[in-house]
Chemist: 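Here it is: the structure, laid out below.
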Amino acid sequence: MTTSADFLAQFGQLFAEEHGSGDDAPYFIGMMSGTSLDGMDAVLCRFFDDERTVEVLASHSLPFADDLRAALLALTTPNGTADFIQANGLSFQSELDVYGWASVYYASFAAQVVLELLTKAGISSEQVDAIGCHGQTVRHRPEWSFSLQLFDPNVLAEYTGIAVVSDFRRRDMAVGGQGAPLVPAFHQAMFGSHGDVKAVLNLGGIANITLLTQHDDQDSSPMGFDTGVANLLMDAWIARHTDMSYDKDGAWAASGQVIAPLLKLLLSHPFFAKLPPKSTGREDFHLPWLDEMIAKLNHACPDLRYSPADVQATLAELTAISAAEQIAQYVRSGTLLVCGGGALNTHLMHRLQAHLPALSVQPTSRLGVAVTLVESIAFAWLARQNILGRAGNVPAVTGANKAVVLGQVCF
């Protein structure tokens with residue numbers, strides 16, 4: 001009897017034979033919107049040298065419309081949709097109504113991003129083999145074996161005429177994993193051949209680390225895990241106190257002073273002490289939690305004076321020190337590559353380097369991969385892995401009991 005695994009292996013073999021890896025290598029699109037909820041990034045690319053080399057033909061980014069971003073933010077907040085429904089005068093009756101409406105809205109927006117990307121690149125939809133779209137994580141509960149990514153792939157496939165690979169987390173969770181982080185296998189493929197590069201740190205809304213092995217080491221896999229919060233709280237805090245959505249270059253944080261007792265309170269979050277495999281999200285790190293910690297600080301130190309900029313400086317230090325302390329347990333020398341929006345935060349990069357003096361902290365752009373595109377490229381790569389019938393997870397990273405093909409295809 002032919003099993004699904006047999007079929008995938010045969011299909012992947014035929015795909016590889018038909019397309020090869022030379023000038024006729026197929027096009028893939030990767031899409032990502034992270035926990036920062038600032039918008040959607042997309043990249044059109046091809047992979048060569050058995051996926052170790054990527055050619056980026058075009059990239060495109062669009063910010064979320066205000067109502068879509070508000071809906072996504074409400075859905076990522078437990079019991080958070082009632083205020084959204086009331087504020088927008090909508091007739092929705094429950095969180096599920098918002099979820100369903102936003103799923104279609106998100107997919108329609110993704111289609112706009114893809115079509116504009118193709119126009120920019122001068123490529124037709126018929127030339128693209130698949131889109132890898134992660135969707136928007138609105139609830140991540142690995143302790144309960146589920147993770148929800150809001151997205152309707154049917155809409156994106158219909159509007160673009162391109163097959164869509166999505167729902168990347170749940171197959172890993174079905175075999176005992178946390179479904180996150182998803183990018184270490186890609187980091188290994190892209191950066192594992194650079195001998196001095198020992199780790200890759202992604203600074204999105206949440207920070208995650210990949211500890212690389214060398215390509216000639218066939219007996220070991222990369223290790224990886226979420227280290228904690230990155231841009232999520234910094235973006236939320238500056239948006240509350242200014243008209244900016246993020247701290248450009250970390251200038252606001254750099255203008256403040258770290259509040260030592262607040263930093264100590266924030267670092268007491270139990271996630272930081274967990275051993276891998278581990279993953280996190282807005283369920284653990286959010287403004288109400290920060291407000292609670294500030295209230296504790298005010299109660300314990302009623303005479304302490306500080307400014308909102310001082311809190312921002314403390315949040316930047318929280319990201320830097322929590323990531324650095326965990327990285328230092330595994331990496332003693334070499335280069336740490338940094339990607340994600342946080343890699344553009346000059347102040348944060350300086351603080352990382354200060355806490356990791358034995359390492360050379362460098363953006364992935366030093367190796368020709370733009371820091372803001374790494375995650376989008378990763379989902380193009382994961383879509384390719386799916387089409388080829390190849391595993392996309394790393395059991396040592398997620399805690400899964402075996403390697404599996406990630407994602408489902410909407411043709």
Chemist: Is there a salt bridge (charged side-chain N to carboxylate O under 4.0 Å, His left out) between R141 and E283? Walk through the geometry before answering.
Modeler: CA-CA 8 Å; R141 295 293 194 187; E283 297 78 12; 5.3 Å; no

Chemist: Measuring from L337:CG to I209:CD1, what's the distance to the nearest 0.5 Å?
Modeler: 9.5 Å

Chemist: For the residue pair F285 and F272, categorise the inter-ring angle as parallel (less than 30°), tilted (30 to 60°) or perpendicular (more than 60°).
Modeler: tilted

Chemist: Check whether any side-chain N or O of N231 sits under 3.5 Å from a backbone N or O of G204 as a donor-acceptor pair, and report yes or no.
Modeler: yes

Chemist: Treating D247 as the side-chain partner and A251 as the backbone partner, does any N or O pair qualify as donor plus acceptor under 3.5 Å?
Modeler: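 Present.
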
Chemist: In sequence, state the C-alpha distance, the side-chain angles, and the governing distance for T213 and Q188, and then conclude on side chain to side chain contact (heavy atoms under 4.5 Å, CB included).
Modeler: CA-CA 7 Å; T213 63; Q188 178 65 43; 3.4 Å; yes

Chemist: Taking atom CD of Q86 as the centre, does the number of heavy atoms from other residues, nucleotides or ligands within less than 6.0 Å exceed 12?
Modeler: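 Not buried by this count: 12 neighbours or fewer within 6.0 Å.
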
Chemist: Assess, by modelled atom type and distance only, whether the side chains of Q326 and T227 contain a donor and an acceptor separated by less than 3.5 Å.
Modeler: no

Chemist: Would you give the length of the straight line joining atom CZ of F28 to atom CZ of F379, rounded to the nearest 0.5 angstrom?
Modeler: 15.0 Å

Chemist: Could you go through the salt bridge (charged side-chain N to carboxylate O under 4.0 Å, His left out) check for K296 and D291 one step at a time?
Modeler: CA-CA 9 Å; K296 286 186 177 181; D291 291 337; over 6 Å; no

Chemist: Is a side-chain N or O of D226 found less than 3.5 angstrom from the main chain of G228, in a donor-acceptor match?
Modeler: no

Chemist: Can you tell me if N401 uses its side chain to pair, donor with acceptor, with the backbone of V175 under 3.5 Å?
Modeler: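 Answer holds: yes.
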
Chemist: Under 4.5 Å between any side-chain heavy atoms of N386 and V409, yes or no?
Modeler: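 Yes, at least one pair of side-chain atoms sits under 4.5 Å.
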
Chemist: Hey, is the main chain of G407 close enough, under 3.5 Å, to the side chain of D167 for a donor-acceptor pair?
Modeler: no

Chemist: Between L315 and L266, does the side chain to side chain contact (heavy atoms under 4.5 Å, CB included) criterion hold? Intermediate values first, please.
Modeler: CA-CA 9 Å; L315 293 174; L266 298 177; 4.0 Å; yes

Chemist: Do you know which two heavy atoms are closest between A400 and D172, and how far apart they sit?
Modeler: CB-OD1, 3.3 Å

Chemist: Within a 6.0 Å radius of atom NZ on K248, are there more than 12 heavy atoms belonging to other residues, nucleotides or ligands?
Modeler: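 No, the 6.0 Å shell around NZ holds no more than 12 heavy atoms from other groups.
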
Chemist: Looking only at heavy atoms, which two atoms of R139 and L75 are closest? And how far apart?
Modeler: NH1-O, 2.9 Å

Chemist: Treating D97 as the side-chain partner and Q93 as the backbone partner, does any N or O pair qualify as donor plus acceptor under 3.5 Å?
Modeler: yes

Chemist: Evaluate side chain to side chain contact (heavy atoms under 4.5 Å, CB included) for L118 paired with I29, printing each intermediate quantity in order.
Modeler: CA-CA 10 Å; L118 293 175; I29 291 174; 4.0 Å; yes

Chemist: Closer than 3.5 angstrom, by distance alone: can the side chain of N202 be matched with the main-chain N or O of V183 as a donor-acceptor pair?
Modeler: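 Not confirmed, N202 side chain does not pair with V183 backbone.
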
Chemist: Using distance alone, with no hydrogens and no angle criterion, decide if T398 and Q178 have a side-chain donor and acceptor under 3.5 Å apart.
Modeler: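 Looking only at side-chain atoms, Q178 and T398 do not form any donor-acceptor pair under 3.5 Å.
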
Chemist: Find the distance between CH2 (W289) and CD1 (I294) and round it off to the nearest 0.5 Å.
Modeler: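 If we round to the nearest 0.5 Å, W289:CH2 and I294:CD1 are 10.0 Å apart.
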
Chemist: Students often mix this up, so state it plainly: with edges at 30° and 60°, are the rings of F47 and F186 parallel, tilted or perpendicular?
Modeler: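 Perpendicular: the ring planes of F47 and F186 meet at over 60°.
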
Chemist: Over all heavy atoms of both residues, which pair between L37 and R69 is shortest? Give the atoms and the distance, please.
Modeler: O-NE, 2.7 Å

Chemist: Would a 4.5 Å heavy-atom cut-off, applied to side chains only, mark V56 and L44 as touching?
Modeler: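 Answer no - side chains too far apart.
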
Chemist: Compute whether any side-chain donor of one residue and acceptor of the other, for S279 and H140, lie under 3.5 angstrom apart.
Modeler: yes

Chemist: Do the two ring centres, one from F109 and one from Y159, sit under 6.0 Å apart?
Modeler: no

Chemist: When you measure from the side chain of K278 to the backbone N and O of F225, does any donor-acceptor pair fall under 3.5 Å?
Modeler: no

Chemist: Can any side-chain N or O of S94 pair as donor or acceptor with the backbone N or O of L96 at less than 3.5 Å?
Modeler: yes

Chemist: I need the Q136 CD to S33 OG distance, nearest 0.5 Å.
Modeler: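 OG of S33 is found 3.5 Å from CD of Q136.
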
Chemist: If you take all heavy atoms of V394 and P222, which pair is closest and at what distance?
Modeler: CG1-O, 3.5 Å

Chemist: Which atom names give the shortest non-hydrogen contact between P184 and L182, and what distance separates them?
Modeler: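 Here P184 and L182 meet closest at CD-C, 3.4 Å.
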
Chemist: Does the side chain of W252 reach to within under 4.5 Å of the side chain of H347, using non-hydrogen atoms?
Modeler: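 A side-chain contact under 4.5 Å is absent here.
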
Chemist: Taking L203 as the fixed residue, which of L352, N345, V371 is the one that meets the side chain to side chain contact (heavy atoms under 4.5 Å, CB included) rule?
Modeler: L352

Chemist: For a 4.5 angstrom cut-off between non-hydrogen side-chain atoms, does M32 reach M40?
Modeler: no

Chemist: Fit a plane to each ring of Y106 and F151, take the angle between them on a 0 to 90° scale, and name the class: parallel (under 30°), tilted (30 to 60°) or perpendicular (over 60°).
Modeler: perpendicular

Chemist: Should we say atom NE2 of H350 is surrounded by more than 12 heavy atoms from elsewhere, each under 6.0 Å from it?
Modeler: no

Chemist: If we ignore angles and hydrogens, is there a donor and acceptor under 3.5 Å between the side chains of D67 and Y105?
Modeler: yes

Chemist: Are any of the side-chain heavy atoms of D310 and V258 separated by less than 4.5 Å?
Modeler: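 With C-beta onward as the side chain, the pair stays apart.
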
Chemist: Determine whether more than 12 heavy atoms belonging to other residues, nucleotides or ligands lie under 6.0 Å from atom CD of E55.
Modeler: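 Yes, CD of E55 has more than 12 neighbouring heavy atoms, counting only those of other groups under 6.0 Å.
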
Chemist: Please verify the inter-ring angle class for F191 with H194; under 30° counts as parallel, over 60° as perpendicular, anything in between as tilted.
Modeler: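 If you compare the ring of F191 with that of H194, the planes turn out tilted.
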
Chemist: Can you establish whether the number of heavy atoms outside F64 located under 6.0 Å from its atom CZ is more than 12?
Modeler: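 Yes.
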
Chemist: Rounded to the nearest 0.5 Å, what separates atom CD in E95 from atom OG1 in T77?
Modeler: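 Rounded to the nearest 0.5 Å, the CD-OG1 separation comes out at 9.5 Å.
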
Chemist: Can you confirm whether the side chains of H134 and E375 place a donor and an acceptor under 3.5 Å from each other?
Modeler: no

Chemist: Would you confirm whether S59, through its side chain, and V43, through its main-chain N or O, come within 3.5 Å as a donor-acceptor pair?
Modeler: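 Absent.
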
Chemist: Could you go step by step and tell me if Q408 and V165 meet the side chain to side chain contact (heavy atoms under 4.5 Å, CB included) rule?
Modeler: CA-CA 5 Å; Q408 298 187 41; V165 186; over 6 Å; no

Chemist: What I'd like to find out is whether the side chain of I206 reaches to under 4.5 Å of the side chain of L232, using heavy atoms alone.
Modeler: yes

Chemist: Assess whether side-chain hydrogen bond (donor to acceptor under 3.5 Å, both in side chains) is satisfied between Q149 and S147, documenting all intermediate values.
Modeler: CA-CA 7 Å; Q149 280 66 56; S147 186; 2.9 Å; yes

Chemist: Is there a side-chain contact between Q312 and I238 in this structure, where contact means two heavy atoms from C-beta onward sitting under 4.5 Å apart?
Modeler: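 Yes, their side chains come closer than 4.5 Å.
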
Chemist: How far does NE2 of H241 sit from OG of S307, to the nearest 0.5 angstrom?
Modeler: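 Interatomic distance, H241 NE2 to S307 OG, rounded to 0.5 Å: 9.5 Å.
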
Chemist: Compare all side-chain heavy atoms of I131 with those of L156 and state whether any distance is below 4.5 angstrom.
Modeler: yes

Chemist: Restricting to non-hydrogen atoms, name the atom on T314 and the atom on Q257 that form the minimum distance, rounded to 0.1 Å.
Modeler: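 Looks like OG1-O, 4.2 Å.
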
Chemist: Quick one: do the Q112 and E116 side chains pair a donor with an acceptor below 3.5 Å?
Modeler: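 Side-chain D/A pair, Q112 to E116: present.
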
Chemist: Regarding S376 and D41, do their side chains bring together a donor and an acceptor under 3.5 Å, going by distance alone?
Modeler: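 The criterion, which ignores hydrogens and geometry beyond distance, is not satisfied for D41 and S376.
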
Chemist: Looking only at the side chains, is there a donor atom on one of D196 and T335 sitting less than 3.5 Å from an acceptor on the other?
Modeler: yes

